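To keep things clear, I will list the structure first and then write my remarks on it.
Scope of the values below: all heavy atoms of this structure, side chains included, with no hydrogens, waters or symmetry mates. Bear in mind that the values here come from a model prediction, so they are computed numbers and not experimental data. For reference, positions follow the sequence shown, starting with 1.
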Amino acid sequence: QRAARVFPADSPAKGSGFWTSDSGSLSRRFIAVAPRGLTIEYAVNRTLSELQAGVRSLLDNPVAVAESAGFEPEHAPELVSRYGVQVLYGNTIRDLDAAQRSFETQLSISGRVNTATLTGKTAFEEVRQILDRLAKPEERFEDRLHVVTASSMMSHGVDIDRLNIMVMLGLPLTAAEFIQTTARVGRRWPGMVYVMHKMARERDAGVFGCFDKFVKQGDRFVEAIAITRRSRRILEKTAAAIALSRIIAIHEPRADAALTTVSALRAYSAAGGYALDVEFAAAEEALRLTGDVDEPLRSQLRSWYERYFNNLASPAGTVKFPADLSPTGPPMTSLRDVEEQAPVFGIEGNPA
């Protein structure tokens, strides 16, 4: 119920913010590709083939390539290391599997292409080994990873300077995911992102028409987070916190005693200090459930308090702490508590 403030605030001027500013250094270059009359897998194969062929040409003929590109030949090994591995990013596992099956047999380059996969199906130990190989590549180029297929699991926490080229299988569903994912490449050295638009999808086709604006002003297209207080599911998850907070912050000072056990709270309630109608009215007022549209929430909140007080008054109850009286579970201790929790067991078989 507090007045909201947006943080961080909008920049005072284009290209200049409170924490960032434009510079003359290139961070990433984005290339939009619209495959027409052919499959997106074919376009990916051709792109990866050209990228790998360019790297291998630099490896085989460093002097000629350096002369044509305008850099000193002694930088060739470093450039091969920085741009010798490409990331193929897909929005779905199905797209990635199809693309991987295609390029593993259709890449038109000589030599072996070593691949690895980073998706939710990849075992943790394998993920660790892949990241180690990317961060500390093998001495010989033939032994290194050349193509890494990745899903959204890579868009958070993978910070490896050698990842500087990415090919995207279609535009991600949100602008936030596009920004987060493309930030995995070009973190230290200039990066390059090829976006293979699925032109049969309306959103991809629309973004392709104004791709430069989409990239330059991507932060403007980040979707706002939906926040609502009129949700029965949210009330179910937070009612226990409201009730327990009043016990700790209001009733314990009044009772001048610790109400940390069910027996103590039951005795306090029997003495008239803790009543259903009073608690429900206080919670109703705090949540401002006053309008006609709030009637379902009021009814649900009333039902919750009635069940809570029934559990408190039950002589057959075996629970020890007031939080265990909640009919919808204890108060949330983390925003992850909205999902069903899985126990984690240690080596000795005990819950960690």
Side-chain angles (χ1 to χ4, degrees), residues 25-31 44-66 68-90 96 99-169 180-194:
S25 301
L26 176 66
S27 180
R28 298 172 195 88
R29 190 179 297 279
F30 293 84
I31 300 97
V44 169
N45 292 342
R46 287 296 304 273
T47 302
L48 291 177
S49 295
E50 292 298 327
L51 290 170
Q52 277 296 314
V55 172
R56 292 165 194 242
S57 176
L58 174 61
L59 188 67
D60 297 335
N61 304 290
V63 176
V65 174
S68 63
F71 62 87
E72 298 299 326
E74 57 264 26
H75 298 308
E78 189 176 1
L79 291 174
V80 169
S81 177
R82 294 178 186 174
Y83 298 96
V85 55
Q86 285 87 51
V87 177
L88 177 61
Y89 181 87
L96 277 179
Q100 186 169 9
R101 288 194 301 268
S102 179
F103 76 70
E104 283 181 346
T105 58
Q106 301 298 324
L107 289 188
S108 55
I109 59 174
S110 60
R112 185 178 61 188
V113 177
N114 300 325
T115 66
T117 301
L118 291 175
T119 67
K121 298 189 298 183
T122 309
F124 177 78
E125 182 61 25
E126 186 177 353
V127 171
R128 186 186 65 80
Q129 293 174 358
I130 293 172
L131 295 180
D132 285 344
R133 291 184 64 187
L134 291 173
K136 301 175 182 177
E138 291 81 356
E139 187 67 26
R140 298 173 65 247
F141 177 80
E142 294 78 8
D143 299 329
R144 300 174 184 174
L145 289 175
H146 303 134
V147 178
V148 178
T149 59
S151 65
S152 58
M153 74 155 289
M154 185 185 177
S155 61
H156 297 82
V158 178
D159 305 326
I160 298 177
D161 293 340
R162 290 186 63 244
L163 299 181
N164 293 302
I165 299 180
M166 176 179 287
V167 179
M168 304 190 78
L169 279 167
Q180 189 72 24
T181 299
T182 56
R184 298 307 102 193
V185 299
R187 299 185 64 82
R188 185 175 181 184
W189 315 109
M192 188 159 52
V193 180
Y194 290 86

Interatomic spacing from [atom1] in [X] to [atom2] in [Y] - rounded to 0.5 Å:
X: Gln180; Y: Met154; atom1: CD; atom2: CE; answer: 11.5 Å
X: Ile130; Y: Thr122; atom1: CD1; atom2: OG1; answer: 6.0 Å
X: Leu118; Y: Leu134; atom1: CG; atom2: CG; answer: 7.0 Å
X: Gln52; Y: Leu59; atom1: CD; atom2: CG; answer: 10.5 Å
X: Leu48; Y: His146; atom1: CG; atom2: NE2; answer: 12.5 Å
X: Ile165; Y: Trp189; atom1: CD1; atom2: CH2; answer: 15.0 Å

Inspect the contact between Arg128 and Asp132 and indicate whether a charged nitrogen and a carboxylate oxygen are less than 4.0 angstrom apart.
yes
Is the closest basic N to carboxylate O distance between Arg112 and Glu142 below 4.0 Å?
no
Taking [Y]'s backbone N and O only, do any of them form a donor-acceptor pair with [X]'s side chain (distance below 3.5 Å, no angle check)?
X: Ser57; Y: Ala53; value: no
X: Arg28; Y: Val193; value: no
X: Thr119; Y: Ser151; value: no
X: Arg184; Y: Val158; value: yes

Heavy-atom closest pair, residues [X] and [Y]:
X: Pro62; Y: Ala76; answer: CB-CB, 3.7 Å
X: Arg133; Y: Leu145; answer: NH1-CD2, 3.5 Å
X: Arg188; Y: Asp161; answer: CD-OD2, 3.4 Å
X: Pro137; Y: Ala135; answer: CD-O, 3.5 Å
X: Arg187; Y: Ile160; answer: CD-N, 4.4 Å

Do [X] and [Y] make a side-chain contact, defined as non-hydrogen atoms from C-beta onward lying under 4.5 Å apart?
X: Val80; Y: Arg144; answer: yes
X: Thr182; Y: Met168; answer: yes
X: Pro190; Y: Arg29; answer: no
X: Leu169; Y: Leu96; answer: yes
X: Val85; Y: Leu163; answer: yes
X: Arg56; Y: Val113; answer: yes

Is Glu139 atom CD crowded by more than 12 heavy atoms from other residues, nucleotides or ligands, each under 6.0 Å away?
no
Just wondering, are more than 12 heavy atoms of other shown residues or ligands nearer than 6.0 Å to CZ in Arg46?
no
Before you tell me yes or no, could you show the steps for Ser152 and Tyr89 under side chain to side chain contact (heavy atoms under 4.5 Å, CB included), namely the whole-Å CA-CA distance, both residues' side-chain angles and the distance that decides it to 0.1 Å?
CA-CA 8 Å; Ser152 58; Tyr89 181 87; 3.6 Å; yes
Quick one: do Leu58 and Tyr83 satisfy side chain to side chain contact (heavy atoms under 4.5 Å, CB included)? Show the steps, please.
CA-CA 11 Å; Leu58 174 61; Tyr83 298 96; over 6 Å; no
Report the C-alpha distance between Thr47 and Gln86 in whole Å, list the side-chain angles of each, state the deciding distance to 0.1 Å, and finish with yes or no for side chain to side chain contact (heavy atoms under 4.5 Å, CB included).
CA-CA 10 Å; Thr47 302; Gln86 285 87 51; over 6 Å; no
